[in-house]
Amino acid sequence: MKSINELIKEINELKSELHEKDFLLTWEQSPEELERVLKTAQVLKAMRQENIATNVFNNGLGISLFRDNSTRTRFSYASAINMLGLAQQDLDEGKSQIAHGETVRETANMISFCADAIGIRDDMYLGAGNAYMREVGAALDEGVKEGVLPSRPALINLQCDIDHPTQSMADLAWLEEHFGDLNQLKGKKLAMTWAYSPSYGKPLSVPQGIIGLMTRFGMDVTLAHPEGYDLIPEVVEQARQNAEASGGSFTQVTSMEEAFDGADIVYPKSWAPYQVMERRTELLRAQDHDGLKALEQECLAQNANFKDWHCTEEMMTKTKGGEALYMHCLPADITGVSCKEGEVEEAVFEKYRIATYKEASWKPYIIASMIMNRKYQEPGLVLQQLLDEYKTRVK
Amino acid sequence: MKSINELIKEINELKSELHEKDFLLTWEQSPEELERVLKTAQVLKAMRQENIATNVFNNGLGISLFRDNSTRTRFSYASAINMLGLAQQDLDEGKSQIAHGETVRETANMISFCADAIGIRDDMYLGAGNAYMREVGAALDEGVKEGVLPSRPALINLQCDIDHPTQSMADLAWLEEHFGDLNQLKGKKLAMTWAYSPSYGKPLSVPQGIIGLMTRFGMDVTLAHPEGYDLIPEVVEQARQNAEASGGSFTQVTSMEEAFDGADIVYPKSWAPYQVMERRTELLRAQDHDGLKALEQECLAQNANFKDWHCTEEMMTKTKGGEALYMHCLPADITGVSCKEGEVEEAVFEKYRIATYKEASWKPYIIASMIMNRKYQEPGLVLQQLLDEYKTRVK
Amino acid sequence: MKSINELIKEINELKSELHEKDFLLTWEQSPEELERVLKTAQVLKAMRQENIATNVFNNGLGISLFRDNSTRTRFSYASAINMLGLAQQDLDEGKSQIAHGETVRETANMISFCADAIGIRDDMYLGAGNAYMREVGAALDEGVKEGVLPSRPALINLQCDIDHPTQSMADLAWLEEHFGDLNQLKGKKLAMTWAYSPSYGKPLSVPQGIIGLMTRFGMDVTLAHPEGYDLIPEVVEQARQNAEASGGSFTQVTSMEEAFDGADIVYPKSWAPYQVMERRTELLRAQDHDGLKALEQECLAQNANFKDWHCTEEMMTKTKGGEALYMHCLPADITGVSCKEGEVEEAVFEKYRIATYKEASWKPYIIASMIMNRKYQEPGLVLQQLLDEYKTRVK
């Protein structure tokens, strides 16, 4: 593994415009920018291991806005801003005056007078979450330009309707740790496949984030799902273009077996078809509770036709040497543990359980890295300063 | 604009007893005390601009108790305590044991063993909010005297039934910024006027806070509202006395046009008549939901007679040169934006939108200043120390 | 009173394995370990009095999980982690994805990547709270062993079904302060007695914690309650064994008068019989709301037979010189103040009110001490370092 010094040197050599733009979709960032986020995260994680304090702020707020439930991402965001020296302030829309009809641009400024980061999860409404983040970002830009805000807070996409960049980047960091190097990923087959779950309405952002990111590094990415369980077409097209540009490949199949065949990495996970998410968005907007209930019933019945999309030990034997790396964003629907019939067999999950925890452990560092790369033109110099000061994290 | 050094020098020359009393009503403070709060806030804001850390606490809690919804004040308070180095701890009465019938003096002590500041919003019940704060203050005094508490937390009025001092002081700081100097405010006409809104039950604390504070500095303050939309008589009387003492004037009229005529500053904002707030307080206490609904209907119908109390472009032409400064505590009820018919026309609000954001941006610094002036007899010396240390806020 | 230097010297001389185990029940700790927690708390409290910063962490999270309402403990925990330099992050199970059927061991790891402390209150279900904490602890151990977690968070029992160690240890610290020395407690009679309250379902953890801890120091502990208001038999047996080992005594009586007779210290407090808590646990698990209501009615009626279990001025005359120290974990049910008829007469409570506040004031320092004793093999050396650095808490 590379030393902190080597990583900082590499960071300093990577070109990046991340200090001038928000990280809202991975495919809007250049490969060098993605690498810089990965390496900055690696340094932050290594520094914690070596008990070096990573506080770059003496004060400042890290604001969070969760429009959907969250444990992992909530704690990862809290961890990220804490390791940088920021304090968390949650914007609870239920306790605020926002229902008054206040505009997004006003709220964005009102919460940001002393903010250095704003993390938003908004994944319920197709077509809305990512657009909302851009509206917030534009309002923050105006606030800085007009002298309302003393500095531009970093805007972090903690999951939207299109992408889940903190998840996919953490997954990529884990793959890099597991396989030793980004270059080792070239030619590796990753199967991003739908799996059965007894729930419905799971967001599309994880599978979309995975195919949108992993196709950037020369991997052979296969997307598998039953017919009708489509992702947003534009994202699928993006993945196709990514693969072409990176020298990898992007394949779509309609069988889990085919996807698993010879795979180095498998990512079996349930999601709702994007056409369903569109109908659901309309029903949510109309507050049509009966319609939502009917849609849920319809979808659960439909899902039940595909219970054989199940990551079993037998299914795993089809992968490269029967030993593909199993990945999941967690929590997984584990058959016989968290549900009667789910995405993955207990024996498979148990074999890779610690691996999935390590996968998850990257998220705090990825978020902190995204904040640093937005706030500093040269985060490597700041990391070097932390290293030189060598202040201990814990006495 | 004055330098940080000049401001600190001026702070050191101002007499103040603020370190021995809570800042619960602006009219309980001397002009020198008000000035010192303003100047301390200016230093804190300038230090953030210059990236100087303003942490005066290495640890300590800043407690918040919100008995009404809030975004702006909640974030301002969070920002204030964060810039001083305190951590926020919210007292959520729903999640506490307070419903057990615990006394105020007990709760006040129980939450304060490690607290340096307590901010309270309590504006729902006429006659209760400010009184509650004083009860808390007395309990804290007893706790310190009896050796229960190691130090006296600063008590901050984040809006009560009578005053909204963090708002009015932020408004004053903005006027000082806008007009260049407190002395420039002498003889300026400020129109605090009622405006139509499709809601009811808006607190009286903002108009009361404005007439109670702005009459201290030689301004010509005009209060305008339809007949029957009275503020608390004692506060109106206070404003009258303030004006007399400061060499300004205080006038009451029953027409928006008359108030706007020749005004340098206009503050059009809706509120409920204090007589209605009294009836509402009784109904809230009795948990008379039908009564509350009936009162709301009655008031909305009454309000609807005064839709012409509307801050339009035409109305603005009556002001000095047609260019009076428009102010609002936000969020404003903007016609065609946040409601069908409201307090202000979209074109007027849009012209002054950035100005209202700047007005709001003072609140974190005013609150931090109030805490510093309560905790330190000589905050100027502490600010000087921060300046000498010149620790950066962001690396 | 001992100086900070003397206390640190004594801490360094006490043997302890607390850095290798969680503090979940006081009777699992050796007398030396308990003393070290007391002395560390004393140093932390004295340092705050002398304005010495006690931050041992430059960053890190202190996680809280409250499965029951709390004010005192919530604020004490917040104060404790804040004085050590950690930031609080609450795990609100309602806002999380835990309902998905996620396992305890997974959640424990997911929230702990950057956590240094986890405080849990779980006292509703008999047989479950303490067991849950041990499950979390085992998961954290595995996480560290497998390289998922960079360090082992301190697990703090903020009240379970069996013990309330932060309360009983704070009570002990108060007794030490009040009587001057732990040795002074030898031979002192403490009456832990049931008292009437118009509520039901109060946890057993306080009386159990008191008899489980105070029997360790040679005190004569008398437990009194009406027939049928039993504590968990295993804990009563533990108290009996403790008393034998420490050279004190443990007596059970069924009359408040007898318990108060000649007592140096009285602790009158209501609780529900453990048999009732067992039935309640089953009904809660079955979500049997009618059953719960019926049980409540039955118990309230039963309680009403024992209204004479009331800490009156007359009852207090039976104690040593009529001047026993009254203790309570707060809030007390005060007759005529917080309820019509309760645990204690207003005159008695008022006489000892400030004393109970001082009792409560120890909790933040006890919790911080428990965290330090879990994180450091030699907390005395770290305290010495803080003392040598002499960084001020407040400028």
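All chains are named by letter (A, B, ...) in the order of the sequence lines, taking the proteins before the strands, and each is independently numbered beginning at 1.
- Ranked by heavy-atom pairs shorter than 4.5 Å toward chain C, the options B:Leu386, B:Val382, B:Ile111, B:Asn109 are led by B:Ile111.
- With a 4.5 angstrom heavy-atom cutoff, C:Arg393 touches chain B via backbone and side-chain atoms both.
- By the 4.0 Å N-to-carboxylate-O rule, C:Lys363 lies too far from C:Asp171 to be salt-bridged with it.
- Ion pairing of B:Glu389 with C:Lys395 is present here, as a side-chain N (NZ or NE/NH1/NH2) and a carboxylate O approach within less than 4.0 Å.
- Considering only heavy-atom pairs separated by less than 4.5 Å from chain B, the leading option among C:Ala78, C:Gly85, C:Ala53, C:Ser76 is C:Ala78.
- Most heavy-atom pairs under 4.5 Å with chain B, from the set C:Arg353, C:Lys391, C:Gln49: that is C:Arg353.
- Both the sub-6.0 Å distance and the 45° axial angle are satisfied by B:Lys45 relative to the ring of B:Trp362.
- Heavy atoms closer than 4.5 Å to chain B are found in the side chain of C:Tyr365, but not in its backbone.
- Heavy-atom distances place no part of C:Ser199 under 4.5 Å from chain B, backbone and side chain included.
- With B:Ile120 as the partner, the side-chain contact (heavy atoms from CB on, under 4.5 Å) test is satisfied by one option alone out of B:Val136, B:Ile63, B:Asn157: B:Val136.
- In this structure, B:Glu20 does not pair ionically with B:Arg374, as no charged nitrogen and carboxylate oxygen lie closer than 4.0 Å.
- B:Lys15 has no carboxylate O lying under 4.0 Å from a charged side-chain N of B:Glu32, or vice versa, which leaves the two without a salt bridge.
- Salt bridge B:Glu106/C:Arg72: present, at least one basic N to carboxylate O contact under 4.0 Å.
- Of the two parts of B:Gln88, neither the backbone nor the side chain holds a non-hydrogen atom closer than 4.5 Å to a non-hydrogen atom of chain C.
- Side-chain contact annotation: C:Asp333 with C:Ser197, donor-acceptor N/O pair under 3.5 Å present.
- Chain B forms the most heavy-atom pairs under 4.5 Å with one residue out of C:Ile334, C:Asn82, C:Thr392, and that residue is C:Asn82.
- If you measure heavy-atom distances from B:Gln385 to chain C, the contacts under 4.5 Å come from the side chain alone.
- Residue B:Ser112 does not touch chain C at all, counting heavy-atom pairs closer than 4.5 Å.
- Residue contact with chain C, scored on non-hydrogen atoms closer than 4.5 Å, is absent for B:Leu86.
- Contacts between B:Asn55 and chain C at a heavy-atom distance below 4.5 Å involve the backbone alone (N, CA, C, O).
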